[in-house]
Visitor: 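Sharing a structure here in structure tokens format.
Just so you know, these numbers come straight off a predicted model, no measurement behind them.
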Amino acid sequence: MSSVLGQQPAPPAAPPRASAPRRRTRVLALPEARWALASLALFLFALPVYLAGGPSWLSGTLFVATYITGGWEPGWEGLKALKDKTLDVDLLMVVAALGAAAIGQVLDGALLIVIFATSGALEAVATARTADSVRGLLDLAPTTATRLLPSGGEERVPADSLGVGDTILVRPGERIGADGQVIDGASDVDQATITGEPLPVPKQAGDEVFAGTVNGTGALRVRVERDPSDSVIARIVKMVEEASETKAPTQLFIEKIEQRYSIGMVIATLAVFAIPLAFGDELSSALLRAMTFMIVASPCAVVLSTMPPLLSAIANAGRHGVLAKSAVVMERLGQVDTVALDKTGTLTEGTPRVTDVHPVPASGLDGDALLALAAAAEHSSEHPLARAVVAAARERGLTLTKATGFTSEPGAGVTATVSGRTVQVGSPTRLATTGDAATGNLVQAVEDKGRTAVLVLRDGAPVGVLGISDRLRPNAKATVAALTTLTGRTPVLLTGDNERTVRHLATEVGITDVRAGLLPQDKVAAVRGWEAEGRKVLVVGDGVNDAPALAAAHTGIAMGKAGSDLALETADAVVIRDELTTIPAVVDLSRRARRLVVQNLVIAGIFITVLVAWDLIGTLPLPLAVAGHEGSTVIVGLNGLRLLRERAWTNPARQSTA
């Protein structure tokens with residue numbers, strides 16, 4: 001190895017897992033949030049004054065201020081849309097609020113303004129959070145890199161100035177500055193940000209590495225093979241941005257017809273006012289009839305037909321550990337017919353654990369003695385596999401002998417002296433052994449189960465084999481079965497992990513369609529392929545590498561505990577406690593919420609039809625119009641609130657295991 005590679009600083013205690021740092025926009029930095037907060041505060045000041053019969057000038061002034069602070073921005077946007085010959089619901093809501101105030105319903109109009117302004121603020125916050133996460137992802141790629149000069153020296157240069165063909169030096173613990181190929185050195189590289197693999201991957205000459213991944217304890221020389229602007233991490237950023245921009249926002253059911261309904265209501269209101277007036281009716285009478293018509297024909301009950309069931313479902317899901325970010329998300333969850341699951345950190349816990357302990361029969365060791373020997377040698381190592389071995393020994397309450405002379409070779413394993421004997425623990429393919437067929441059979445048996453085999457040598461002779469694997473989450477199999485029942489299709493496994501490991505795990509949980517060894521763009525391509533077939537895809541993942549697929553999918557759910565910032569912000573919903581069984585449960589809850597929406601629309605439609613017919617054919621008294629309109633609103637609202645009950649949360653996955 002060259003002198004440059006030999007001049008290495010001491011490795012860090014533990015190379016950090018790659019994750020995007022938080023760079024959040026403050027909520028009150030958003031103008032929508034400030035105006036909504038001001039409108040809410042003014043409304044809360046006005047409400048007790050109004051209800052207590054206080055001075056009308058005071059409550060009136062406060063209500064006017066509420067209308068202005070909460071309504072000017074949506075009103076202005078609505079006017080701009082009107083200029084483009086589009087009747088925006090923002091403008092109609094402001095007009096409806098002003099109309100309510102004009103006939104004395106000042107409180108109702110102010111409440112409508114506050115709710116509408118708050119909704120706009122929440123949407124602005126969600127948009128800003130996603131933008132923050134995408135910007136934060138750029139910090140995964142280092143800003144500088146060490147470029148090796150033809151003269152044998154080195155220089156620190158901006159990473160974005162690297163060109164194809166340059167050679168860079170990556171020291172232990174550093175992030176790799178560019179996509180390229182290792183030309184010298186050996187190390188373990190944490191590629192979780194790109195592939196989602198739970199364990200660092202051994203790298204040596206000829207292997208590919210990616211910008212933004214974390215080097216382990218060895219030093220690497222890497223030849224740059226992609227321009228920094230075309231690196232995998234840069235493409236992830238681009239894919240998330242493109243998917244977020246091009247994914248058409250799904251509108252709630254009533255919003256799909258709002259344009260026609262709104263135009264029709266405006267035209268009808270003008271006609272109800274103008275036609276009687278043209279035939280000699282008095283101005284006050286015609287105006288009263290038109291205002292009554294506008295009240296009974298307004299879509300308040302229709303809008304409430306949609307929101308209470310979905311908001312109740314959101315609240316119920318939140319109590320059970322699932323955060324749906326909006327009513328639109330809750331509606332979309334019930335539409336999915338295809339589910340794509342990530343492996344590491346989603347179906348599995350994302351933490352390697354010792355699953356097999358096999359002493360070689362001739363070694364004279366039992367399982368505990370073998371594990372204690374391996375853990376004693378691994379105790380000083382910070383490699384995830386080493387930590388898994390030490391954790392397993394501690395779980396069994398084993399006493400670890402102090403080891404001396406510890407050394408570590410990247411990609412091979414560790415060597416230490418334990419009780420005067422030389423102990424080596426590492427990869428069966430990298431440790432030079434004189435093992436017999438029995439040892440080879442133990443290694444093969446462990447690897448056939450889809451686990452990582454670790455060989456233990458004592459004084460050069462094999463004494464045992466350990467199997468290490470990322471453990472499945474509880475109820476993973478039941479969750480897959482429940483999702484299959486709900487959607488009519490078995491979920492698909494999309495992962496960057498190796499096929500051999502993935503196949504065994506997929507068989508264990510009942511998944512037959514496995515796509516392994518995928519980069520982020522491959523996952524996006526799979527999702528878009530299904531979407532092109534007319535499917536509505538739900539993607540469940542946790543890592544930065546899953547974010548583009550989460551953004552491209554019809555709906556995305558992130559696992560919350562270990563999920564990356566970008567995945568949590570990009571996803572439409574978050575499983576806060578990482579309970580897999582809540583995924584089919586929230587899909588089922590969404591479908592029942594959608595059924596309640598249909599019921600409410602029927603109820604609201606009947607009320608509107610009857611009241612409008614009464615007003616047009618006969619004379620509908622204004623108090624009765626208000627009572628009928630508000631009554632229908634109360635009925636559909638209470639019907640939607642049924643999903644707040646505890647028994648509304650059913651868990652298909654847990655029921656299947658009962």
Side-chain angles (χ1 to χ4, degrees), residues 118-119 122-123 125-126 129-130 249-250 252-253 304-337 339-342 346 473-476 478-483 485-487 491 536-542 550 553-563 567-600 636-657:
T118 303
S119 174
L122 291 175
E123 183 178 353
V125 169
R129 287 288 185 257
T130 300
T250 295
L252 299 175
F253 178 79
L304 279 178
S305 297
T306 303
M307 295 308 294
L310 296 174
L311 293 178
S312 298
I314 289 173
N316 201 334
R319 290 203 307 264
H320 291 88
V322 181
L323 172 63
K325 295 184 179 179
S326 70
V328 172
V329 171
M330 184 54 69
E331 184 203 29
R332 292 166 73 103
L333 281 167
Q335 299 172 345
V336 299
D337 56 18
V339 179
L341 301 170
D342 175 47
T346 302
R473 291 191 185 278
N475 297 315
T479 297
V480 170
L483 289 171
T485 301
L486 282 169
T487 64
K536 290 183 168 43
V537 183
L538 167 64
V539 171
V540 185
D542 71 303
L550 290 169
H554 177 74
T555 314
I557 295 180
M559 306 301 286
K561 279 189 177 179
L568 296 178
E569 297 295 350
T570 304
D572 301 300
V574 178
V575 179
I576 298 171
R577 294 190 289 266
D578 282 5
E579 296 178 6
L580 269 181
T581 56
T582 59
I583 295 173
V586 76
V587 171
D588 181 62
L589 183 66
S590 172
R591 292 188 175 187
R592 283 184 290 119
R594 286 167 57 81
R595 288 196 292 269
L596 276 185
V597 168
V598 174
Q599 292 178 15
N600 282 347
V636 298
L638 291 177
N639 190 39
L641 294 178
R642 288 163 50 197
L643 291 183
L644 281 174
R645 296 177 299 177
E646 182 64 27
R647 63 181 181 180
W649 178 266
T650 59
N651 201 318
R654 288 182 178 169
Q655 289 171 357
S656 66
T657 60

Visitor: At their closest point, which heavy atom of Val537 faces which heavy atom of Ala553, and how far apart are they?
Guide: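 Closest approach of Val537 to Ala553, heavy atoms only: O-CB, 3.6 Å.
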Visitor: Output yes when a side-chain donor or acceptor of Arg473 lies under 3.5 Å from a complementary backbone atom of Thr346, and no otherwise.
Guide: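 Indeed, once roles are kept as given, a pair shorter than 3.5 Å links the two residues.
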Visitor: Under 4.5 Å between any side-chain heavy atoms of Leu486 and Val336, yes or no?
Guide: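 Contact flag for Leu486/Val336 side chains = no.
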Visitor: Rounded to the nearest 0.5 Å, what separates atom CD in Gln335 from atom CZ in Arg594?
Guide: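 Answer for the CD-CZ pair, Gln335 versus Arg594, is 4.5 Å.
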Visitor: Hey, are the side chains of Val540 and Met559 touching, using non-hydrogen atoms and a 4.5 Å cut-off?
Guide: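 Yes - at least one pair of side-chain heavy atoms lies under 4.5 Å apart.
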Visitor: Measure the shortest side-chain to side-chain distance between Thr479 and Leu341 over non-hydrogen atoms and say whether it is less than 4.5 angstrom.
Guide: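 Answer no - side chains too far apart.
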Visitor: Return the CG to CG distance between Leu538 and Leu550, rounded to the nearest 0.5 Å.
Guide: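 Result: 9.0 Å between the selected atoms.
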Visitor: Could you measure the distance from the CG atom of Leu483 to the OG1 atom of Thr581? Nearest 0.5 Å is fine.
Guide: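 Answer rounded to 0.5 Å: 10.5 Å.
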Visitor: Between atom CD1 of Ile557 and atom CD1 of Ile583, what is the distance when rounded to the nearest 0.5 Å?
Guide: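 Between atom CD1 of Ile557 and atom CD1 of Ile583 there are 5.0 Å.
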Visitor: Please enumerate all residues that pass side chain to side chain contact (heavy atoms under 4.5 Å, CB included) together with Arg647, with sequence neighbours excluded.
Guide: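 Testing Arg647 for side chain to side chain contact (heavy atoms under 4.5 Å, CB included), a comparison that skips the adjacent residues, returns Arg645.
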Visitor: Nearest heavy-atom pair of Trp649 and Val586: which atoms, and what distance?
Guide: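 Closest heavy-atom pair between Trp649 and Val586: CH2-N, 4.0 Å.
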Visitor: Check step by step if side-chain contact (heavy atoms from CB on, under 4.5 Å) holds for Arg332 and Lys536.
Guide: CA-CA 9 Å; Arg332 292 166 73 103; Lys536 290 183 168 43; over 6 Å; no
Visitor: Looking at Pro584 and Ala482, what are the two nearest heavy atoms and their distance?
Guide: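 Minimum heavy-atom separation between Pro584 and Ala482: CB-CB, 3.8 Å.
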Visitor: Minimum heavy-atom separation for Ile314 and Ala324, please, with both atom names.
Guide: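 Ile314 and Ala324 have their closest heavy atoms at CG2-O, 3.9 Å.
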Visitor: Mind checking what makes side chain to side chain contact (heavy atoms under 4.5 Å, CB included) contact with Arg595, not counting sequence neighbours?
Guide: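 With sequence neighbours excluded, Arg595 shows a side chain to side chain contact (heavy atoms under 4.5 Å, CB included) to Arg591, Arg592, given in chain and number order.
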Visitor: Going by side chain to side chain contact (heavy atoms under 4.5 Å, CB included), name the residues that satisfy it together with Ala313, two or more places apart in sequence or in a different chain.
Guide: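 Met330, Leu589, Ala593, Leu643.
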